[in-house]
Chemist: 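Pasting a structure below so you can have a look.
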Amino acid sequence: MAQSDTVDRILDAAEELFAERGFSETSLRMITSKARVNLAAVNYHFGSKNALIHAVFGRFLTPFSATLGNAFDELEASCKGNPPTLNQTLWALTASAIRMPQRNERGISIFMRLLGLAYTQSQGHLRKFLEQEYSQPFGRFMGLLKEATPELSAVDRYWRIQFMLGATAFTMSSSDALRDILRNKLGVETTVQEIAARLVPFLAAGMQAHDTVLVPPADFKIPVA
């Protein structure tokens, strides 16, 4: 088995199992069994489970960061000194993800599920890795968002970005199931590109909504089960 083939087998197996089970619940033995390699191969190529997790993310994010940087360069050049609009900025990000070569048809949904797990599971080493390796392109994205929403306070912008990321992660990680539901319920076929085209204006509207915080009525109570 060629060295590159071994690495790809390990990464493919780890990516799928991490997305299905989570990071802590997936053992190296599960990964080696699915990849049909021995534990020594994982240790040789990656050294540790944490390093393997980093490599799974890096396989997508490294080329994506380069594609995203080029998209932002083209966008800013086309705007000729004017700040890009919110829709343009969000579409540059989304289109960059869609244009990425996919190893299989579930590529984006699996990665978005992994990205969600990175922030919902206790993986401090992974968040540190992502911040160290990819702060430049995503810092640039955040800067463009700030330019496009000068009316928002820092706190409002922070929360709207979190809501935006949550909606994106759910929609794209569940895209296969959502497409199946649409097909079964309405008899309509759709593509990932069409989902993204519907998602971008929704996210932009949320970022630019007028009301910031709704104050609940004085007698409002959260029901207790």
Side-chain angles (χ1 to χ4, degrees), residues 8 11-26 30-31 34-35 53 56-57 59-61 63-65 67-68 71 85-123 126-127 130 138 141 145 148-149 158-211 214 216 222-225:
D8 284 339
L11 288 172
D12 288 343
E15 181 181 85
E16 189 169 338
L17 287 169
F18 287 148
E20 290 176 356
R21 297 172 174 267
F23 301 111
S24 300
E25 294 79 3
T26 300
M30 292 176 184
I31 294 170
K34 187 175 183 64
I53 293 173
V56 166
F57 277 79
R59 186 164 64 155
F60 182 90
L61 284 177
F64 172 66
S65 295
T67 300
L68 182 60
T85 66
L86 184 58
N87 271 292
Q88 288 174 320
T89 299
L90 293 177
W91 186 249
L93 179 76
T94 306
S96 295
I98 292 173
R99 286 201 302 265
M100 288 293 298
Q102 300 298 318
R103 292 176 299 281
N104 59 67
E105 61 182 11
R106 298 176 59 222
I108 290 181
S109 66
I110 288 176
F111 181 77
M112 293 305 297
R113 196 171 304 141
L114 290 171
L115 198 59
L117 289 173
Y119 286 88
T120 57
Q121 295 193 346
S122 180
Q123 296 293 321
L126 178 55
R127 289 192 290 274
L130 295 176
F138 292 103
F141 172 64
L145 282 184
T149 57
Y158 167 82
W159 280 116
R160 293 188 187 199
I161 288 172
Q162 305 315 309
F163 300 151
M164 180 178 67
L165 294 176
T168 302
F170 168 77
T171 302
M172 300 312 294
S173 66
S174 307
S175 60
D176 292 338
L178 294 172
R179 291 164 67 189
D180 286 343
I181 293 170
L182 184 64
R183 182 187 308 113
N184 294 332
K185 293 289 186 180
L186 300 178
V188 175
E189 297 285 347
T190 192
T191 65
V192 172
Q193 290 82 357
E194 289 172 352
I195 294 173
R198 292 178 180 275
L199 181 60
V200 167
F202 175 84
L203 298 177
M207 285 291 294
Q208 295 174 316
H210 293 299
D211 293 328
L214 294 178
I222 298 176
V224 178

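Since the structure is predicted, the reported quantities are computational estimates derived from the model, not experimental observations. When a residue number appears, it is its place in the shown sequence, counting from 1.
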Chemist: Could you state the interatomic distance from CD (Glu16) to OG1 (Thr26), rounded to the nearest 0.5 Å?
Modeler: 10.5 Å
Chemist: Given Leu203 and Thr168, is the side chain to side chain contact (heavy atoms under 4.5 Å, CB included) satisfied, shown in steps?
Modeler: CA-CA 8 Å; Leu203 298 177; Thr168 302; 3.4 Å; yes
Chemist: Would you say the side chain of Phe141 lies within less than 4.5 Å of the side chain of Ile161, judging by non-hydrogen atoms?
Modeler: no
Chemist: Hey, could you give me the CD/CE distance between Glu20 and Met30, rounded to the nearest 0.5 Å?
Modeler: 11.0 Å
Chemist: Classify the ring geometry between Phe111 and Phe60 as parallel (under 30°), tilted (30 to 60°) or perpendicular (over 60°).
Modeler: parallel
Chemist: In Å, rounded to the nearest 0.5 Å, how long is the span from CG of Leu93 to CD1 of Ile98?
Modeler: 10.0 Å
Chemist: Hey, are the side chains of Met164 and Leu90 touching, using non-hydrogen atoms and a 4.5 Å cut-off?
Modeler: yes
Chemist: Provide the closest heavy-atom pair for Ala196 versus Thr94 in the form atom of the first, atom of the second, distance.
Modeler: CB-CG2, 3.3 Å
Chemist: So do the side chains of Trp91 and Leu199 get within less than 4.5 Å of each other, counting heavy atoms only?
Modeler: no
Chemist: Near Arg183 CZ, under 6.0 Å, is it more than 12 heavy atoms from other residues, nucleotides or ligands?
Modeler: yes
Chemist: Kindly give the heavy-atom pair with the smallest separation between Leu86 and Ala204, and that separation in Å.
Modeler: CD2-O, 3.6 Å
Chemist: Specify the closest pair of heavy atoms between Ser175 and Ile195, including all atoms of both residues, with the distance to one decimal.
Modeler: CB-CD1, 4.0 Å
Chemist: Any side-chain heavy atom of Phe138 within less than 4.5 Å of one from Leu130?
Modeler: no
Chemist: List the atom of Arg160, the atom of Gln208, and the distance in Å for their closest heavy-atom pair.
Modeler: NH1-C, 3.7 Å
Chemist: Using only atom types and a distance under 3.5 Å, with no angle test, would you say the side chain of Ser174 pairs donor to acceptor with the backbone of Ala177?
Modeler: no
Chemist: Any heavy-atom pair between the side chains of Arg59 and Asp12 that's under 4.5 Å?
Modeler: yes
Chemist: Would you give the length of the straight line joining atom CG of Asp180 to atom NZ of Lys185, rounded to the nearest 0.5 angstrom?
Modeler: 12.5 Å
Chemist: Which pair of non-hydrogen atoms, one from Leu114 and one from Phe57, has the smallest distance, and what is that distance?
Modeler: O-CZ, 3.4 Å
Chemist: Could you pull out the closest heavy-atom pair between Thr190 and Glu194, with the gap in Å?
Modeler: OG1-OE1, 2.6 Å
Chemist: May I ask you to test the Leu117-Phe18 pair for a side-chain heavy-atom distance under 4.5 Å?
Modeler: no
Chemist: To the nearest 0.5 Å, tell me how far Ile31 CD1 sits from Glu15 CD.
Modeler: 11.5 Å
Chemist: Side chain of Arg179, backbone of Thr191: donor and acceptor closer than 3.5 Å?
Modeler: no
